[in-house]
Amino acid sequence: MIRSRVVVVNATGLHARPATLLVNLASSFKSDVKIEKNERIVNAKSIMGLLSLGITENEEITIIAEGEDELEAVNTLK
């Protein structure tokens, strides 16, 4: 399992459009990919899960991946 903390720099946070891009990118990996914010973890391949976190600009999130391409998944999503 690989974890990496990142700060969201998008001025509008992860609203529908950038969240959709992240979900599509996360879905391209075989690994389980999750996003954590304030101890709440959701599936990064789920648009509803991601939007439910309400991620805004300058918030820190953690990208978590586990599986055969976990390193590539985390590095790409960062």
Side-chain angles (χ1 to χ4, degrees):
M1 179 185 331
I2 297 181
R3 302 170 67 92
S4 181
R5 291 185 180 147
V6 296
V7 174
V8 176
V9 295
N10 187 2
T12 56
L14 284 183
H15 63 82
R17 192 168 296 127
T20 299
L21 294 173
L22 192 145
V23 166
N24 289 338
L25 190 55
S27 296
S28 71
F29 296 100
K30 293 179 183 178
S31 295
D32 288 330
V33 184
K34 301 187 182 331
I35 301 293
E36 179 179 17
K37 175 188 159 195
N38 297 334
E39 298 180 14
R40 197 161 157 238
I41 300 173
V42 300
N43 183 348
K45 299 178 183 181
S46 164
I47 188 70
M48 295 306 290
L50 196 55
L51 290 175
S52 74
L53 292 177
I55 300 167
T56 59
E57 181 184 22
N58 296 321
E59 282 195 298
E60 183 178 270
I61 62 172
T62 303
I63 301 168
I64 306 163
E66 183 172 8
E68 63 185 75
D69 55 359
E70 61 190 21
L71 181 59
E72 182 183 358
V74 169
N75 287 335
T76 301
L77 293 171
K78 283 182 3 184

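All values reported here derive from a predicted model rather than from experimental measurement. Along the sequence shown, residues are numbered consecutively beginning with 1. All values below come from the heavy atoms of this structure, side chains included, with hydrogens, waters and symmetry mates left out.
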When rounded to the nearest 0.5 angstrom, what is the spacing between CE in Met1 and CD in Glu70? 8.5 Å
For Ile35 and Thr62, run side-chain contact (heavy atoms from CB on, under 4.5 Å): C-alpha distance rounded to whole Å, both residues' side-chain angles, the deciding distance at 0.1 Å, then the answer. CA-CA 6 Å; Ile35 301 293; Thr62 303; over 6 Å; no
Name all residues meeting the side chain to side chain contact (heavy atoms under 4.5 Å, CB included) criterion together with Thr12; count only those two or more places apart in sequence or in a different chain, and write none if there are none. Asn10, His15
What distance do Asn75 atom CG and Ser4 atom OG have between them, rounded to the nearest 0.5 Å? 7.5 Å
Rounded to the nearest 0.5 Å, how far apart are NZ of Lys30 and CD of Glu68? 4.5 Å
Check whether any side-chain heavy atom of Ile55 sits under 4.5 Å from a side-chain heavy atom of Leu50, and report yes or no. yes
Got a second to check how far Lys45's NZ is from Ser31's OG, nearest 0.5 Å? 7.0 Å
Taking all heavy atoms of Ala26 and all of Leu77, pick out the closest pair and write down the distance. N-CD2, 3.9 Å
Separation of Leu53 CG from Met48 CE (nearest 0.5 Å): 11.5 Å
Working to the nearest 0.5 Å, report the span between CD1 of Ile61 and CZ of Arg40. 13.0 Å
For the residue pair Ile64 and Glu36, establish whether any side-chain heavy-atom pair is separated by less than 4.5 Å. yes
Does Glu72 have any side chain to side chain contact (heavy atoms under 4.5 Å, CB included) partners at least two apart in sequence or in another chain, and if so, which? Phe29, Asp69, Thr76
Evaluate Ile63 against Val6 for side-chain contact (heavy atoms from CB on, under 4.5 Å), listing each step before the verdict. CA-CA 8 Å; Ile63 301 168; Val6 296; 4.1 Å; yes
Distance-only donor-acceptor hits, side chain of residues 16-24, under 3.5 Å, sequence neighbours excluded:
from  : atom 1 : to    : atom 2 : distance (Å)
Thr20 : OG1    : Ala16 : O      : 2.7
Asn24 : ND2    : Thr20 : O      : 3.3

Do Val42 and Lys34 touch side chain to side chain, with heavy atoms closer than 4.5 Å? no
